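What you see is a predicted model, and the numbers here were worked out from it, not measured in a lab.
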Amino acid sequence: MSFVTHMHLALEEARAAAWRGEVPVGAAVIGPDGRLLCSAGNRTRELCDPSAHAEMLAIRAACAALGTERLIGCDLYVTLEPCAACAGVIAAARIRRLYYGAADPKSGGVAQGARVFTHSQSHHAPEIYDGIGAEAAARLLRDFFAGLRGPR
């Protein structure tokens with residue numbers, strides 16, 4: 001069986017988030033059958049909700065679609081390393097595999113900073129694959145923040 005990435009779906013959501021003026025992060029939840037359950041981009045500004053990260057929104061929508069609080073056998077693709085809060089929700093949802101693009105040295109909670117899944121209090125740790133679509137994800141973030149700073 002060969003690996004098929006679904007990062008392009010998360011990147012589409014990240015581009016849409018940037019277009020809305022949100023930090024360009026996107027996420028997609030893939031069901032056990034390999035099909036898209038849902039995808040989302042950041043909406044923290046739009047919803048005036050600091051928890052409206054792409055991962056949170058995608059996980060909430062996938063749980064609602066399946067009628068369950070756990071996403072057993074599901075995979076999550078996200079363009080940026082999840083923060084500690086999102087990593088906690090990923091563990092609670094029992095995501096099978098986490099694929100993320102760009103590392104987040106400032107706010108990451110998986111390989112950087114809090115490293116949520118390595119703590120004994122973490123009830124679940126997904127398989128983790130980083131660097132998937134990293135350059136495209138990092139470029140979106142760089143361009144977005146460069147646009148906020150304006151020309152130098």
Side-chain angles (χ1 to χ4, degrees), residues 1-20 22-138 140-141 144:
M1 186 166 120
S2 62
F3 172 70
V4 176
T5 183
H6 297 278
M7 188 59 80
H8 65 282
L9 299 169
L11 285 165
E12 287 174 18
E13 288 288 351
R15 288 183 195 99
W19 186 84
R20 292 190 304 272
E22 300 277 358
V23 174
V25 178
V29 177
I30 307 301
D33 61 359
R35 287 193 257 179
L36 175 68
L37 283 173
C38 63
S39 60
N42 275 358
R43 291 186 181 273
T44 59
R45 291 183 176 135
E46 176 187 341
L47 299 176
C48 299
D49 179 356
S51 72
H53 291 191
E55 305 94 302
M56 298 275 199
L57 296 173
I59 289 169
R60 287 175 189 154
C63 287
L66 295 176
T68 181
E69 78 281 8
R70 298 217 172 136
L71 298 173
I72 306 295
C74 294
D75 298 337
L76 176 66
Y77 286 80
V78 62
T79 57
L80 182 64
E81 176 184 352
C83 70
C86 290
V89 170
I90 290 165
R94 305 300 197 265
I95 294 289
R96 175 178 58 179
R97 293 185 195 110
L98 168 64
Y99 299 91
Y100 69 86
D104 188 353
K106 182 180 175 191
S107 300
V110 176
Q112 319 282 326
R115 297 182 182 171
V116 170
F117 303 124
T118 65
H119 291 268
S120 60
Q121 295 89 350
S122 180
H123 296 290
H124 172 78
E127 292 177 36
I128 300 168
Y129 302 91
D130 63 348
I132 310 295
E135 183 51 41
L140 275 171
L141 289 159
F144 178 80

On a heavy-atom basis, which atom in [X] and which in [Y] lie closest, and how many Å separate them?
X	Y	result
V23	R45	N-NH1, 4.3 Å
A58	C38	O-SG, 2.9 Å
M7	V78	CE-O, 3.4 Å

**Asked** Does anything in residues 51-64 pair up under side-chain hydrogen bond (donor to acceptor under 3.5 Å, both in side chains), and if so which pairs, sequence neighbours excluded?
**Response**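 Counting only pairs at least two positions apart or across chains, the side-chain hydrogen bond (donor to acceptor under 3.5 Å, both in side chains) contacts touching residues 51-64 are D49-S51, S51-R60.
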
**Within residues 103-125 or reaching into it, pairs that qualify as side-chain hydrogen bond (donor to acceptor under 3.5 Å, both in side chains) - sequence neighbours excluded** =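 Every candidate side-chain hydrogen bond (donor to acceptor under 3.5 Å, both in side chains) pair involving residues 103-125 fails, so no pair, neighbours aside, qualifies.
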
Can you measure from [atom1] ([X]) to [atom2] ([Y]) and round to the nearest 0.5 angstrom?
X	Y	atom1	atom2	value
L57	N42	CG	CG	7.5 Å
L140	L80	CG	CG	11.0 Å
I90	C74	CD1	SG	12.5 Å

**Message:** Once ring pair (Phe, Tyr, Trp, His ring centres under 6.0 Å) is applied, what residue pairs with a partner in residues 74-95 remain, sequence neighbours excluded?
**Reply:**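 Residue pairs with at least one partner in residues 74-95: H6-Y77, Y77-Y99.
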
Test of understanding: with side-chain contact (heavy atoms from CB on, under 4.5 Å), list the residues that count as partners of [X], not counting sequence neighbours.
X	value
A64	none
A65	none
A18	P24, F144
C63	I59, L71

**Residues in ring pair (Phe, Tyr, Trp, His ring centres under 6.0 Å) contact with Y100, at least two apart in sequence or another chain** =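 Here no residue qualifies.
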
**Contacts of D75 that satisfy salt bridge (charged side-chain N to carboxylate O under 4.0 Å, His left out) - sequence neighbours left out** =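 Only R96, R97 meet the salt bridge (charged side-chain N to carboxylate O under 4.0 Å, His left out) criterion with D75.
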
**Prompt:** salt bridge (charged side-chain N to carboxylate O under 4.0 Å, His left out) with E46: which residues, sequence neighbours excluded?
**Reply:**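 R20, R43.
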
**Asked** Taking only residues at least two apart or on different chains, which pairs with a member in residues 28-40 satisfy salt bridge (Lys or Arg N to Asp or Glu O under 4.0 Å)?
**Response**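 Applying salt bridge (Lys or Arg N to Asp or Glu O under 4.0 Å) to every pair that reaches into residues 28-40, excluding sequence neighbours, yields D33-R35.
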
Solution key, residues 9-17 side-chain donor-acceptor pairs under 3.5 Å, sequence neighbours excluded:
from: E13; atom 1: OE1; to: G41; atom 2: N; distance (Å): 3.3
from: E13; atom 1: OE2; to: S39; atom 2: OG; distance (Å): 2.8

